[in-house]
Q: 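Have a look at the structure that comes next, please.
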Amino acid sequence: MSKPSIPKGTRDFGPAEMIRRNYIFSTIRKAFETFGFMPIETPAMENLSTLTGKYGEEGDQLIFKILNNGDFLAKADAQAMQEGDSKKLAFSISKKALRYDLTVPFARFVVMNQTELTFPFRRYQIQPVWRGDRPGKGRYQEFYQCDADIVGTEGLTCEVELVQLFDEVLTNLQIPGFEIRINNRKILLALAQVAGIEDRLVDLTVAMDKLDKIGENGVVDELQKRGIPEGAIEKIRPLFSLNGDFQTKHNVLSAIFEGNEAGQKGLEELRYVFDAIRQMELRSGKLEFDVTLARGLNYYTGAIFEVVVPGVQIGSICGGGRYDDLTGIFGLPNVSGVGISFGADRIYDVLHELNLFPNASATVSQLLFVNFGEAEERYCLNLATRLRRQGVACELYPTSAKMKKQMTYANNLGFPYVALVGSREMETGIITIKKMETGEQYAVDKSEILEFLTA
RNA sequence: GUGGUUGUAGCUCAGUUGGUUAGAGCACUGGAUUGUGGUUCCAGGGGUCGUGGGUUCAAAUCCCAUCAUCCACCCCA
């Protein structure tokens, strides 16, 4: 017998962790619904053909493919096998795959259900996704995404609302000093055009995205390595050290983009969002225009979002953006959408690192009845039943074990209260409730337990 | 995928130039305390030293392989 284990990059969640995870999920879910998003779910597995080609070449390799059932070898591509072409072979022995994100399945869902949906359609989706990535800090092979998207409209109020949604969730989770970074793909495109390297847009964005990590000189090196001409680099270099508020950055870029349509359009869109947010005000977040923000996904066409918590080395905790034609690949062109995603697992890590979970309790129960014996057991079971019908989570220790053992149980699991009901209490109907945090004990009439606990 | 780090009790880790029966803290169990936890004291249980091979009279210790882990790069949530 070998020791049991789970695949790398996956995790079990014990009760204490699940209580905390559910706190995150319910906070996110509640905010989603407050903003009018409707829940949907899609299957864990999709047809492999639905997923391939949507995430770039590297993304394709990170998709977990599911081996066909039955005699898959009989239908295997013998030629591919002979040539040692794993990629080609994969398609002949695998028809299904685990979903890689929630956006592509959602696009598929919209196309399949287009006649039944009323647009603009707002949906949210909280489900796990799988990536065959090398696991590391804040990086797993199975993790949850919490997505909210609005499809079927180009209205910029959506961008504004999504910024507010970031603010709402992260404020409620009490994450301090988070920064909502925003940029616009049109601005990146304009930069490439102005520098005369429109065909190298991807190289440009990938390099610029690293500014935080490798600094101005690092980005220049990276651009040189990628073969961007010196003249082009010199044109965009001033932007790497662009500072100040939105207006300042706007003015600089506006001058650079004079006569460039995409650039002006991008700035205009950003201005709309910044104006609205300034008027509405965010609860605790900070909205930052970051020209270097690029994100890897190549289907974004307008706004791009990312949320980071300064001082926590964990990468971005949320992302998102506008994509003008995601459903086009599934045969439904001209449907614009914009969406954001919360990385629940990373948010968990951030809250954990900053010690921001509201309580350390490992139980959902409010109250533990200590078990003193048969007669007391029956009496307490009665009280517990009444309390539960009133909505109080409570439990009775199942055996009349030693007092110390029962108290240790209550202590380890973090019960806020313990009820001590022995012969004395049964006679008078006045039970003893101990508040575990302080050790104080109270005499409470058995009909007033609810009032005592909620006081 | 590339480079490096570390694998010893449930957890965090000691373990000397290779040398008798591999240790500590925390956790667990019992007792001091027969209606009182989180503090204290005492006692106890628990290890194929990641796995496989090699060197040696002798390996946790040295060598090789393999698996796992963590960190950096790459990419991302």
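Note on naming: letters A, B, ... go to the chains in the order of the sequence lines (proteins, then strands), and numbering restarts at 1 for each one. Because the structure is predicted, anything quoted here is derived from the model rather than measured.
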Q: I'd like the P distance from B:A9 over to B:A24, given in whole Å.
A: 14 Å
Q: What integer distance in Å separates A:Lys405:NZ from B:U33:P?
A: 21 Å
Q: Between B:G37 and A:Asn411, counting only base atoms on the nucleotide and side-chain atoms on the residue, is there a donor-acceptor pair under 3.5 Å?
A: yes
Q: Of the listed nucleotides (B:A77, B:G30, B:G35), which one gets closest to any side-chain atom of A:Arg131?
A: B:A77
Q: Would you mind classifying the nucleic acid contact of A:Tyr140 as base, sugar-phosphate or nothing, using non-hydrogen atoms under 4.0 angstrom?
A: base
Q: Could you tell me whether A:Lys249 and A:Glu288 make a salt bridge, using a distance below 4.0 angstrom between a side-chain N and a carboxylate O?
A: yes
Q: Under 6.0 Å from the six-membered ring centre of A:Phe13 and within 45° of its axis: does the NZ or CZ of A:Arg21 meet both?
A: yes
Q: May A:Phe342 be described as stacking on the base of B:A77, applying a 5.5 Å centroid limit and a 30° limit on plane angle?
A: no
Q: Test salt bridge (charged side-chain N to carboxylate O under 4.0 Å, His left out) on A:Arg181 and A:Glu179 and set out the steps.
A: CA-CA 6 Å; A:Arg181 296 187 181 158; A:Glu179 245 179 66; 3.3 Å; yes
Q: In this structure, are over 12 heavy atoms from other groups packed under 6.0 Å from A:Met18 atom CE?
A: yes
Q: Grab the CD-C1' distance between A:Gln61 and B:C74 for me, whole Å please.
A: 13 Å
Q: In whole Å, measure the gap between the C1' atoms of B:G23 and B:U40 for me.
A: 24 Å
Q: Would you call A:Arg322 and A:Glu159 a salt bridge, using N to O less than 4.0 angstrom?
A: yes
Q: Taking atom P of B:C76 as reference, at what distance in whole Å does atom CD1 of A:Ile340 sit?
A: 20 Å
Q: Would you measure the distance from the P atom in B:G4 across to the matching atom in B:A43 and give it in whole Å?
A: 48 Å
Q: Can you check the distance between B:G7 and B:C70, where both ends of the measurement are the C1' atom (answer in whole Å)?
A: 11 Å
Q: To the nearest Å, give me how far apart CD (A:Gln141) and P (B:U69) are.
A: 10 Å
Q: With C1' as the reference atom in both, quote the distance from B:A72 to B:U5 in angstrom, rounded to an integer.
A: 11 Å
Q: Which whole number of Å gives the distance between the P atom of B:G53 and that of B:A59?
A: 14 Å
Q: Measure the distance from CG on A:Asn412 to P on B:G37 and round it to the nearest whole Å.
A: 13 Å
Q: Base, sugar-phosphate alone, or nothing: which one does A:Ser341 contact when heavy atoms must sit under 4.0 Å apart?
A: nothing
Q: In whole angstrom, give the distance that lies between atom CG of A:Leu420 and atom P of B:U36.
A: 10 Å
Q: Under 4.0 Å, heavy atoms only, any strand: does A:Gly439 hit a base, just the sugar-phosphate, or nothing?
A: base
Q: Write down the distance separating the C1' atoms in B:U69 and B:A27, rounded off to the nearest Å.
A: 23 Å
Q: Counting any heavy atom closer than 4.0 Å, what does A:Glu425 reach on the DNA or RNA strands: base, sugar-phosphate only, or nothing?
A: base
Q: Any carboxylate oxygen within less than 4.0 angstrom of a Lys/Arg side-chain nitrogen, looking at A:Glu269 and A:Lys186?
A: yes
Q: Has A:Glu377 got more than 12 heavy atoms of other residues, nucleotides or ligands less than 6.0 Å from its CD?
A: yes
Q: Nearest of B:A77, B:G35, B:G31 to any side-chain atom of A:Ser316?
A: B:A77
Q: Tell me which of A:Lys435 and A:Cys318 sits closer to the 5' end of RNA chain B, going by the nucleotide each one is nearest to.
A: A:Lys435
Q: Give RNA chain B the dot-bracket treatment, 5' to 3': Watson-Crick (N1-N3 with N6-O4 or O6-N4) or G-U (N1-O2, O6-N3) under 3.5 Å, [ ] crossing, | other strand.
A: ((((.((..((((.....[...)))).(((((.......))))).....(((((..]....))))))).))))....
Q: Among B:G37, B:G35, B:A77, find the nucleotide with the atom closest to the side chain of A:Lys404.
A: B:G37
Q: Do A:Gln406 side-chain and B:U36 base share a donor-acceptor contact under 3.5 Å?
A: no
Q: Does any donor-acceptor pair link the side chain of A:Arg134 with the base of B:C76 at a separation under 3.5 Å?
A: no
Q: Rounded to whole Å, how long is the line connecting atom CZ of A:Arg424 with atom P of B:G35?
A: 10 Å
Q: Give one of base, sugar-phosphate or nothing for A:Ile317, where a contact means two heavy atoms less than 4.0 Å apart.
A: sugar-phosphate
Q: How far apart are the closest heavy atoms of A:Phe35 and A:Arg122, and which atoms are they?
A: O-NH1, 2.7 Å
Q: Could you tell me how far B:U61 sits from B:G50 if I compare only their P atoms? Round to whole Å.
A: 8 Å
Q: Between the side chains of A:Lys54 and A:Asp101, is the shortest nitrogen-to-carboxylate-oxygen separation below 4.0 Å, so that they form an ion pair?
A: no
Q: Nearest of B:G30, B:G37, B:U69 to any side-chain atom of A:Lys8?
A: B:U69
Q: Output the rounded distance in Å from NZ (A:Lys434) to P (B:G38).
A: 10 Å
